[in-house]
Enquirer: 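What follows is a single structure, and I will ask about it in a moment.
Proteins come first, then strands; the chains are lettered A, B, ... in the order of their sequence lines, and each starts at number 1.
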Number of protein chains: 2
Amino acid sequence: MIRIVLADDEDLIRGALAALLELEDDIEVVGQASNGRAAVDLVRAHRPDLAVLDLEMPGWDGLDAARRLHTESEIPVVIVTRHARPGVLKRALAGGVRGFVPKTTPASRLAEILRDVHAGKRYVDPEIAASALSATSCPLTERELELLRYAQDGGTVNTIAERAHLASGTVRNYLSSAMTKLGVDTRHEAARKAWEEGWI
Amino acid sequence: MIRIVLADDEDLIRGALAALLELEDDIEVVGQASNGRAAVDLVRAHRPDLAVLDLEMPGWDGLDAARRLHTESEIPVVIVTRHARPGVLKRALAGGVRGFVPKTTPASRLAEILRDVHAGKRYVDPEIAASALSATSCPLTERELELLRYAQDGGTVNTIAERAHLASGTVRNYLSSAMTKLGVDTRHEAARKAWEEGWI
DNA sequence: GGCCGGTCGTGACATCTGTCATGGCCCGCT
DNA sequence: AGCGGGCCATGACAGATGTCACGACCGGCC
């Protein structure tokens, strides 16, 4: 029997995934959480064989929780995600994640994947693996990434400068540098591109 | 027995929802689709009692399919969505949708809701209903909305003008008008705000 | 008919933005 | 010590952007 802790912030989806997994004779969902922190607590309490974590969650996301679990226990973690971005896959593997499955995976395959991971194997969606391998590694600097994060929600340079505690000229320089590296013409396109690659 | 056609573009989620619904003795999923058009075809073929459609799907989305189904048959439609935006709820109700449930709804409630809708009732998530009622109705003009849609992916004014077959000055005027109405300073903030309200 | 509102465009203006050159500071590497 | 690279800032410039005023056309409404 494979005992699982399941985390997803959307109750409906989490419940549905639990129902899907409970159909399997050898799988048991022993705990459900709606954020990464609660998931870590549940793992400590229940000592399951596997943790299945949604990537996008408020507060601690799936990756935060996975890293925490990797350092404090040997529980294998499978990340489930809607947006399969290459950079995120790399960070997940670096964080000790054992399985990476996008939500486009057929439902019938999930149980097999969990069994494989439980048996010590690793699973990475082949599509994302390919794009992660062919993807160029992030050419951006830490500050550039930070400012791109701020640039994501469409504010002005002054807004960004204020939030980052920097001079507006400095902000423009960093963003300009990022735009050049990414080959785009506006900071918004740069932010979008960096997000799609999974860098921010 | 309530016979259901289920549509969601994410295989894993669709399969999980099917598993959840199949747990109920009085519910049967007779067909699954990954886009709105396929869902309509399935409804024509199977004549189910209910259609459960995810809102966000490529090609025909859940709302497109719901409108189509409303005009050609009397099948009640329940929309499931991740982003519960007030404007979308209004459009959904106008399109004859009988149920509107966000993915934050507890999984245990879904079956009840479907039974209620099948019995002729309507269901709208109370949270979204409240924000839809308190929301100001869209003050934007058709062209303003169109240009905001183009503005969503961060291109320059010239890009937008080209796509809309308009002079760039005209584009700036419309977007300026929209920004004033929405009380923001950049077209990107305006596009974001309009999206959050469900207007685009 | 007059009036209003939406649509499309032009011109002008102030400001914002992206680019470039330049400099200083600190850290790590050779 | 010299060099490179990231970090922070300034100044200057061209072009993009947002605002405003204005005009034209069309359709609906009173």
Enquirer: Hey, does the side chain of B:Thr156 come within less than 4.0 Å of D:dA16's phosphate (OP1/OP2), counting only N and O?
Expert: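 No, B:Thr156 has no side-chain N/O under 4.0 Å of OP1/OP2 on D:dA16.
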
Enquirer: Please state how far atom CG in A:Leu182 lies from atom P in C:dG18, giving the value in whole angstrom units.
Expert: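 After rounding, the reported distance stands at 13 Å.
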
Enquirer: Do the side-chain N or O atoms of A:Thr141 get closer than 4.0 angstrom to the phosphate oxygens (OP1, OP2) of D:dC7?
Expert: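 Yes.
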
Enquirer: Nearest-Å distance, NE2 (A:His165) to P (D:dC7)?
Expert: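 For the pair A:His165 NE2 and D:dC7 P, the rounded distance is 17 Å.
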
Enquirer: Rounded to the nearest angstrom, tell me the gap between atom CG in A:Leu166 and atom P in D:dG6.
Expert: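 Rounded to whole Å, this separation is 17 Å.
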
Enquirer: Check every strand shown and say whether B:Thr186 touches a base, only sugar-phosphate, or nothing at a heavy-atom separation below 4.0 Å.
Expert: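 Sugar-phosphate contact only - B:Thr186 comes under 4.0 Å of backbone atoms but never of a base.
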
Enquirer: Write down the distance between CG (B:Asp185) and P (C:dT17), rounded to a whole number of angstrom.
Expert: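 Checked: the CG to P distance equals 10 Å.
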
Enquirer: If hydrophobic clusters are built from ILVMFWY residues whose side chains come within less than 4.5 Å, do A:Leu17 and A:Val77 share one?
Expert: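 A:Leu17 and A:Val77: separate clusters.
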
Enquirer: Thinking salt bridges, do B:Arg192 and A:Asp153 make one under a 4.0 Å N-O criterion?
Expert: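 Looking at A:Asp153 together with B:Arg192, the answer is no, because their closest N to O distance does not fall below 4.0 Å.
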
Enquirer: Within less than 4.0 Å of OP1 or OP2 of D:dC8, is there a side-chain N or O belonging to A:Arg143?
Expert: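 For D:dC8, OP1/OP2 do have a side-chain N/O of A:Arg143 under 4.0 Å.
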
Enquirer: Can you tell me the distance, in whole Å, between the CE atom of A:Met179 and the P atom of C:dT17?
Expert: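 To the nearest whole Å, that distance equals 10 Å.
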
Enquirer: Using OP1 and OP2 only, check whether a side-chain N or O of A:Thr170 sits under 4.0 Å from D:dA9.
Expert: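 Answer yes for this pair, as a side-chain N or O of A:Thr170 is under 4.0 Å from OP1 or OP2.
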
Enquirer: When you measure only distances, ignoring hydrogens and angles, does the side chain of B:Asn173 come within 3.5 Å of the base of C:dC8 through a donor and an acceptor?
Expert: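 Answer is no: no donor-acceptor pair is held.
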
Enquirer: Give a yes/no answer on whether the side chain of B:Arg172 brings an N or O atom under 4.0 Å of OP1 or OP2 in D:dA16.
Expert: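 No, outside the criterion.
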
Enquirer: Shortest non-hydrogen contact from A:Glu144 to A:Ser177?
Expert: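 It is OE2-OG, 2.6 Å.
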
Enquirer: Apply the test side-chain contact (heavy atoms from CB on, under 4.5 Å) to residues B:Val124 and B:Leu93: give CA-CA distance (whole Å), side-chain angles for both, the deciding distance (0.1 Å), then the verdict.
Expert: CA-CA 9 Å; B:Val124 171; B:Leu93 292 178; 4.1 Å; yes

Enquirer: Between C1' on C:dC8 and CD on B:Glu146, what's the gap in Å once rounded to a whole number?
Expert: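 In whole Å, C:dC8 C1' lies 13 Å from B:Glu146 CD.
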
Enquirer: Can you tell me how far C1' of D:dC8 sits from CG of A:Leu175, to the nearest Å?
Expert: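 Going from A:Leu175 (CG) to D:dC8 (C1'), I get 14 Å.
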
Enquirer: Hey, are A:Arg68 and A:Glu72 close enough for a salt bridge, meaning a charged N less than 4.0 Å from a carboxylate O?
Expert: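 Counted as a salt bridge, because a side-chain N and a carboxylate O are separated by less than 4.0 Å.
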
Enquirer: To the nearest Å, give me how far apart CG (A:Asn158) and P (C:dG18) are.
Expert: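 For the pair A:Asn158 CG and C:dG18 P, the rounded distance is 12 Å.
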
